[in-house]
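Okay, structure first, notes after.
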Amino acid sequence: MKSIHRRYKNIEIKNPGYSSYICFTEAVVGRRFSTQTISRWFNRLVSKDDYASSDKKDILKHLVRLSNSPTTTKNKVKSAF
């Protein structure tokens with residue numbers, strides 16, 4: 001599963017001012033990654049200075065929700081009314 005890593009690195013290069021947590025969040029949003037995949041790459045890519053260790057469980061839950069959230073589309077269905 002190198003896709004999170006690849007997306008993370010691209011975001012990091014394009015946005016040098018972003019923290020590792022923000023880059024990681026951008027890499028997983030709407031991509032439907034599993035909890036295990038997000039957790040594994042979070043541990044590898046996100047600096048421990050970017051979050052409090054006591055909040056890690058809640059952060060991972062939030063990232064899973066963001067990853068599995070429905071994506072929006074540009075083509076919206078027009079209402080008949």
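As the structure is a prediction and not an experimental result, all values here were calculated from the model.
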With a 4.5 Å heavy-atom cut-off, do His5 and Arg44 have their side chains touching?
-> no
Report yes if the side chains of Phe24 and Ser19 come closer than 4.5 Å at any heavy-atom pair, otherwise no.
-> no
Just how far is it from atom CG of Leu60 to atom CD1 of Ile38, taken to the nearest 0.5 Å?
-> 8.0 Å
Applied to residues 58-69, the salt bridge (charged side-chain N to carboxylate O under 4.0 Å, His left out) test, sequence neighbours excluded, yields none
Starting at CD1 of Ile22, measure out to CG of Asn15 and round the result to the nearest 0.5 Å.
-> 10.5 Å
Between the CD1 atom in Ile59 and the OG atom in Ser39, the distance rounded to the nearest 0.5 Å is 12.0 Å
Enumerate the residue pairs fulfilling salt bridge (charged side-chain N to carboxylate O under 4.0 Å, His left out) with a member in residues 10-24, sequence neighbours excluded, ordered by first and then second residue.
-> Lys9-Glu12
Distance-only side-chain donor-acceptor flag, Lys56 / Asn43, under 3.5 Å = yes
Applying side-chain contact (heavy atoms from CB on, under 4.5 Å) to Thr25 and not counting sequence neighbours gives Tyr21, Val29, Leu63, Leu66
Short side-chain to backbone donor-acceptor contact, Ser67 and Phe33, under 3.5 Å = yes
Are Phe42 and Tyr51 close enough that their ring centers fall under 6.0 Å?
-> yes
Note: Ile11 and Glu26 closest approach over all heavy atoms is CD1-CB, 3.5 Å
Please report the closest heavy-atom contact between Ile13 and Pro16, naming both atoms and the distance.
-> O-CD, 3.8 Å
Which pair of heavy atoms, one from Ser20 and one from Ser47, lies closest together, and at what distance?
-> OG-N, 2.8 Å
